[in-house]
Amino acid sequence: MSLEKRYTPQTIESKWYQHWLEKKYFHSKPDEREAYTIVIPPPNVTGVLHMGHMLNNTIQDVLIRRARLQGYNTCWVPGTDHASIATEAKVVKKLRAKGIKKSDLTREEFMQHAWEWKEEYGGIILDQLKKLGASCDWDRTRFTMEDKLSKAVLKVFVDLYKKGKIYRGLRMTNWDPEALTVLSNEEVIHSDEHSKLYHVRYKIANSDEWVTIATTRPETILGDSAVAVHPKDERYAHLKGKKAIIPMVNREVPIIFDRYVTMEFGTGALKVTPAHDMNDYEIGLRHNLEVIDTLNANGTMSEAAQFYIGEDRFSVRKKIVKDLEALGHIVNVEDYQNKVGRSERTNAIIEPRLTEQWFVSMKEFAATGLKAVETGEVNFHPKHFYNMYHNWLNEDNIKDWCISRQLWWGQRIPAWYYEGEVFVAETAQDALNQAQEKFKDKNLTLEDLKQDEDVLDTWFSSWLWPISVFDGFEKQDELKYYYPTNVLVTGWDIMFFWVARMVMAGYEWSEDLLGKEHIQKYGKQPFKHVYYTGMVRDEQRRKMSKSLGNSPDALELLDNYGADGVRFGMLSSAAAGNDILFDAPYDKTQKKTLSESEKCNQGLNFANKIWQALRLIKGWQIEDKKQPKVNTLAAKWMDNRFNQALERLDNSFKDFRLSEALMDLYNFTWGDFCSWYLEMIKPPYGEAIDRKTYEQAIGFFEKITIILHPFMPFVTEEIWHNLNIRKEGEDCIISQYPKVTVFDEEFLKTVENAKELITKIREARAKIKGLKKHTLMQLYVEKSNNAQLFFDTPNIKELIMKMGVLDVLEMTTTEPESSVAFIAGTEKYYLIVKQEIDKGAETVKLKKEKQRLEGFLIGIAKKLSNERFVNNAPEKVVALERKKQADTEAKIKLIEEQLKSLSL
RNA sequence: AGCGGUGUAGCCUAGCGGUUUAUGGCGUCUGUCUUACACACAGAAGAUCGAAGGUUCGAAUCCUUCCAUCGCUACCA
């Protein structure tokens, strides 16, 4: 068998993914094993893979693969959500390109088109996840709008309605004039934008006086129904009982006094437009003001505006300023910056609008959500995200959840109207029965009832996801096995859309579905842990997004570095919860972000490094002969060191510190295994290796591929298969994760000392000009108890001789002729050198080291001479400082001796 | 404006009261194509731990204020 000189991910990755799929390793069925479950935060069905997804899904895959290796029955459920607004917008756009308007279609026809669109384009992202290596149970792929999941949605809607937790009401809502739907608060993004503040004067009726108001939205003047001032504002006290005349429409409106007005802002006088401003609406309620809706749903002026009817609000803004100016109403215009809300999906500026909507009452839900995290039934990683969670959920801030959307793509609200009454039911027939009973009229038919035109918010589907993907609302056999899920991995930006609401849903329904006994044993929570990933940002700290064009192409990255490389790159710099500044360079001439990354390249290099280790081992001839002493020691060390590393690794996983886990593995594999262990056992050129050592090496390597597998699944699977002849059905992905066994820390320290000594020998050798790599040298160590103890360690001498390329290593009581001295640990060594060494350079180096140590010593002495330190600090600490002092003094003494002999 | 997170070498990161004049990695610089690997090996340089005060015998670590940055919430029209 010959191995490629370099590791090339491309062919290898697709080969193994295919193999895993064929073997159905990702598929889960309930059995006697303990389950480990993750439900994917369903990406938007219209979406394509971006950097955030890659980070997020890499983490989920790492957790799932490790659990699988540990013997859990792992189930990672993939799927997508139907994203009503985004998808409907895409479908409308596509139809428009074909010359079809949504308004020309019936609801059923439109839905037909939408489903066709979904079948054609939806779920591309899931295929892309396969390229990343995601080991999702694809047989379980779900979609929030499929039949069963939709049924669940209707079921909980009816349930909440019956419990009085859902209500319908007239409210000021966030209206998206482009998507023609209302949005929840969370779907509106507020940001500072440049605008102008217009000072406009209104005439006071029956007087020559004027009152000047300030507004950023002069087009809404046409809908004004009052001018408000603060009750304590003396400037305006005399206007009590007077009326102001709204320009152009010449409407007389009252001047009202309300404490909402800020006296210091603008002129202290506020125009009140109850139909188009949240706060004005509240004022309107208090003062019983007229609500004049001057805007149509699509953002054009309505009949009620009287002017500019049918024109868009933004062109009207320009026009009305000119017209007001001509009429002498504009006092002045200043540049201004204010917060403008835009739709997360369409980017349209949101209009506050009074509409009838369905709401979920949140007070109780919020308390449940908070408690779940407070009690530790749900754990956040990192913990501090609880602050943000609390901030949103506490009773002062929580707002009822508006769940209706004026769209067609989604679950249609199961409410039917007849004669002003509403009937909420899972089916039309049920609603009809209710209506017949209510009206005592058996002759009512389905035609008499009118179903609500609106659909439900997409998140009203996704909050059920941890239950509904197991068809939990219908039957509970699978839910019993997989619920609660283990961990949810998500960006903190959707903490409220998702995490909070999923927790609420879990607590609301799990007991009804699973029964008291199950809940007492396992809990109500939908997941035990929430791992919040950071945002992936560019070098300027902007969130990487498609719209900004600052993101590299995810698929190109995968092509360039392999999935293993990209996974490494994403994770190595992603401490939990911290944002990642991804290092893809921006090309100014091409004006785009390149699909290149040093971080991913490091991952590819790492894959190649392990590949090279494989080539080395597989290149050895094997012979049945006695194991050399060095190799016995090497094996003992590797075994201990492996367990030490594994223990650290387990701890990192326990705290969800995945990047630390990966970096530890990287250092262990590259440093300890490749650079030290393989060098220790490497036979001299041309010689064969003994069978025992060979088998041990294969054994260690195999364990390494297993613990590395969750992070870099492809290269490890490939190497694992090359290490041994494997039977059908044996694969790295389903092999057994090693368990930590005891390790000898003292022994490990001894070998570390040996490694330090070897490094020192190599340094000393490197200074000798023209020295051949294999030239054997002689080393003496000054006799001492410590030295005796050190070299008594079985086989340590042989190890140092091999790694240091020595033929003599002995104790001495005198300084040998023509030698250079150095210190390793607390021992003094002499390396026999027949050649002159650069005394000057050596002296400089030693003096520098001496200086450093003396500085260190001063620090310690300061502490020890401080009486309060000696008296107050714990004895242990003082003793430690004393030991540090003694050790440092000894070292300085050795250096001084060396300097003396150099000057001779 | 209120609240919260973060701030450690050019970049990422560990440490979160004394084992540290600060950990590891990337990058940089200097050698070396050494029989697995130049996607490598061997070395080196690079940090007054955001700033200023305070608590303490002792602070990167705790407290206060400030600055920067990222958010959340609420907005003065």
Side-chain angles (χ1 to χ4, degrees), chain A residues 3 5-7 185 190 197-198 213-217 220 228 260-273 277-280 336 338-339 382 384-392 394 396-397 492-493 495-496 534-535 537 539 541 543 565 572-575 577-581 583 598-599 601-620 657 659-660 662-664 666-667 670-671 674-675 678 682 684-686 759 762-763 765-766 772-774 852 855-856 858-859 862-863 866-874 876-878 880-881 883-884:
Chain A
L3 296 164
K5 272 203 101 129
R6 306 221 177 295
Y7 178 68
N185 288 330
H190 295 273
L197 188 62
Y198 302 89
I213 56 88
T215 181
T216 53
R217 308 192 53 196
T220 65
Y260 169 77
V261 183
T262 311
M263 286 159 66
E264 294 75 26
F265 187 86
T267 58
L270 167 72
K271 74 194 249 334
V272 183
T273 325
D277 184 283
M278 303 276 181
N279 295 301
D280 289 11
Y336 193 66
N338 66 336
K339 287 261 188 193
H384 66 75
F385 277 112
Y386 174 74
N387 290 326
M388 197 195 280
Y389 184 79
H390 180 265
N391 202 352
W392 189 71
N394 79 66
D396 295 333
N397 285 339
W492 50 258
D493 53 339
M495 182 185 286
F496 310 129
M535 299 293 109
R537 299 178 187 277
E539 286 157 322
R541 295 190 175 274
K543 204 157 135 183
S572 64
S573 56
N578 280 15
D579 288 357
I580 298 186
L581 265 56
D583 61 350
E598 285 295 332
K599 285 173 179 159
N601 195 43
Q602 193 186 349
L604 177 60
N605 289 353
F606 184 35
N608 183 59
K609 179 71 186 182
I610 324 168
W611 182 252
Q612 297 303 335
L614 173 72
R615 288 186 62 219
L616 174 69
I617 295 178
K618 296 309 277 190
W620 285 331
R657 296 155 66 114
S659 75
E660 193 175 288
L662 177 58
M663 286 320 285
D664 280 346
Y666 174 84
N667 289 328
W670 198 307
C674 293
S675 298
L678 291 181
K682 197 172 176 178
Y685 185 58
T759 303
R762 286 174 177 170
E763 268 174 50
R765 291 178 64 106
K772 291 244 167 59
K773 201 188 161 204
H774 299 290
R852 191 187 75 83
F856 188 53
I858 288 168
K862 228 188 217 161
K863 271 189 205 171
N866 185 340
E867 255 178 63
R868 283 177 302 180
F869 169 72
V870 180
N871 294 337
N872 293 325
K876 239 172 96 181
V877 175
V878 179
L880 204 73
E881 289 298 319
K883 182 166 186 320
K884 264 160 70 184

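A, B, ... follow the sequence lines: proteins, then strands. Residue 1 opens every chain. Everything numeric in this text was worked out from a predicted model, so none of it was measured.
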Q.
Let's test this: given Watson-Crick or G-U wobble pairing with both distances under 3.5 Å, identify the partner of B:rU61.
A. none
Q) Partner of B:rU55 by Watson-Crick or G-U wobble geometry, both contacts under 3.5 Å, or none? A) none
Q.
Could you tell me how far B:rG53 sits from B:rA59 if I compare only their P atoms? Round to whole Å.
A. 14 Å
Q: Find out whether A:Val877 and A:Phe869 are in side-chain contact, i.e. whether some heavy atom of one side chain is under 4.5 Å from a heavy atom of the other.
A: yes
Restricting both atoms to N or O, compile the protein contacts to nucleotides 35-42 of chain B shorter than 3.5 Å, with distance only.
from: B:rU35; atom 1: O4; to: A:His774; atom 2: NE2; distance (Å): 2.2
from: B:rA36; atom 1: O2'; to: A:Gln612; atom 2: OE1; distance (Å): 2.2
from: B:rA36; atom 1: O2'; to: A:Arg615; atom 2: NH1; distance (Å): 3.1
from: B:rA36; atom 1: N6; to: A:Glu679; atom 2: OE2; distance (Å): 3.1
from: B:rA36; atom 1: N3; to: A:Gln612; atom 2: O; distance (Å): 3.1
from: B:rA36; atom 1: N3; to: A:Ala613; atom 2: N; distance (Å): 3.4
from: B:rC37; atom 1: O4'; to: A:Gln612; atom 2: OE1; distance (Å): 3.1
from: B:rC37; atom 1: O2; to: A:Lys609; atom 2: NZ; distance (Å): 2.9
from: B:rC37; atom 1: N3; to: A:Lys609; atom 2: NZ; distance (Å): 2.8
from: B:rA38; atom 1: OP1; to: A:Arg6; atom 2: NH2; distance (Å): 3.3
from: B:rC39; atom 1: O4'; to: A:Asn605; atom 2: OD1; distance (Å): 3.1
from: B:rC39; atom 1: O2'; to: A:Asn608; atom 2: ND2; distance (Å): 3.3
from: B:rC39; atom 1: O2; to: A:Asn605; atom 2: OD1; distance (Å): 3.2
from: B:rA40; atom 1: O3'; to: A:Lys609; atom 2: NZ; distance (Å): 3.4
from: B:rC41; atom 1: OP1; to: A:Lys609; atom 2: NZ; distance (Å): 3.1
from: B:rC41; atom 1: OP1; to: A:Trp670; atom 2: NE1; distance (Å): 2.6

Q: Return the nucleotide paired to B:rA47: Watson-Crick means purine N1 to pyrimidine N3 with N6-O4 or O6-N4, wobble means G-U with N1-O2 and O6-N3, both under 3.5 Å.
A: none
Q: Take the protein atom OH of A:Tyr386 and the nucleotide atom P of B:rC3, then report the distance between them rounded to whole Å.
A: 18 Å
Q) B:rC26 C1' sits how many Å from A:Ile580 CD1, rounded? A) 15 Å
Q.
Measure CZ/A:Arg765 against P/B:rG43 and give the value in whole Å, please.
A. 13 Å
Q | Atom-to-atom span, CD of A:Glu598 to C1' of B:rU28 - whole angstrom | A | 12 Å
Q) Rounding to the closest angstrom, what is the interatomic distance between B:rG5 and B:rA47 at atom P? A) 30 Å
Q. Taking atom P of B:rG24 as reference, at what distance in whole Å does atom CZ of A:Arg657 sit?
A. 16 Å
Q. Of all residues at least two apart in sequence or in a different chain, which pass the ring-ring contact (aromatic ring centres under 6.0 Å, His included) check with A:His190?
A. none
Q) Want to settle it: does A:Leu880 or A:Asp277 sit nearer the 5' end of RNA chain B, counting the closest nucleotide to each? A) A:Leu880
Q.
Please give the distance between the P atoms of B:rU61 and B:rC16 as a whole number of Å.
A. 13 Å
**Q.** Atom of A:Asp583, atom of A:Lys599 and distance for their closest heavy-atom approach
**A.** OD2-N, 2.9 Å
Q: Give me the ring orientation class for A:Phe606 and A:Trp670: parallel if the planes are under 30° apart, tilted from 30 to 60°, perpendicular past 60°.
A: parallel
Q) How far, in whole Å, is B:rA9 from B:rU23 if one measures between their P atoms? A) 13 Å
Q. Expressed in whole Å, how much space separates the C1' atoms belonging to B:rA68 and B:rA42?
A. 40 Å
Shorter than 3.5 Å, N or O on both sides, protein versus nucleotides 55-65 of chain B: list them out with atom names.
from: B:rC57; atom 1: O2'; to: A:Asn866; atom 2: ND2; distance (Å): 2.7

Q. With sugar-phosphate meaning primed atoms plus P, OP1 and OP2, does A:Asn338 contact a base, only sugar-phosphate, or nothing at under 4.0 Å between heavy atoms?
A. sugar-phosphate
Q | For atom CE of A:Met663 and atom C1' of B:rA14, their distance in whole Å | A | 11 Å
**Q.** Side-chain donor or acceptor of A:Asp277 paired with backbone N/O of A:Thr273 under 3.5 Å
**A.** no
Q) Over how many whole Å does the gap from A:Glu660 atom CD to B:rC16 atom C1' extend? A) 13 Å
Q: For B:rA77, take OP1 and OP2 only and decide whether either is under 4.0 Å from a side-chain N or O of A:Tyr336.
A: yes
Q: For A:Thr262, report the nucleic acid contact type (base, sugar-phosphate, nothing); a contact means any heavy atom under 4.0 Å.
A: base
Q. Should A:Arg765 and A:Lys773 count as side-chain neighbours, where that means a heavy-atom distance under 4.5 Å?
A. no
What N/O pairs connect the protein and nucleotides 68-74 of chain B at under 3.5 Å? Give each pair on its own line.
from: B:rC70; atom 1: O3'; to: A:Arg537; atom 2: NH1; distance (Å): 3.4
from: B:rC70; atom 1: O3'; to: A:Arg537; atom 2: NH2; distance (Å): 3.4
from: B:rC70; atom 1: O2'; to: A:Arg537; atom 2: NH2; distance (Å): 3.2
from: B:rA74; atom 1: OP1; to: A:Lys399; atom 2: NZ; distance (Å): 3.0

At a cut-off of 3.5 Å, list every protein nitrogen or oxygen paired with a nitrogen or oxygen from nucleotides 6-8 of chain B, distance to 0.1 Å.
none

Q: Taking ring-ring contact (aromatic ring centres under 6.0 Å, His included) as the test, write out the residues that go with A:Trp392, two or more places apart.
A: A:Phe496
Q. C1' atom, B:rA77 versus B:rU69: distance in rounded Å?
A. 30 Å
(Q) So A:Asn279, base contact, sugar-phosphate only, or nothing? Heavy-atom distance under 4.0 Å. (A) sugar-phosphate
Q: Calculate the interatomic distance between A:Gln602 atom CD and B:rG27 atom P; express it in whole Å.
A: 7 Å
Q | Check against side chain to side chain contact (heavy atoms under 4.5 Å, CB included), A:Asn338 and A:Leu197 | A | CA-CA 9 Å; A:Asn338 66 336; A:Leu197 188 62; over 6 Å; no
Q: Pick the C1' atom in B:rG15 and in B:rG7, then give their distance to the nearest Å.
A: 15 Å
Q) If you measure from the C1' atom in B:rU30 to the same atom in B:rG46, how many Å do you get, rounded? A) 15 Å
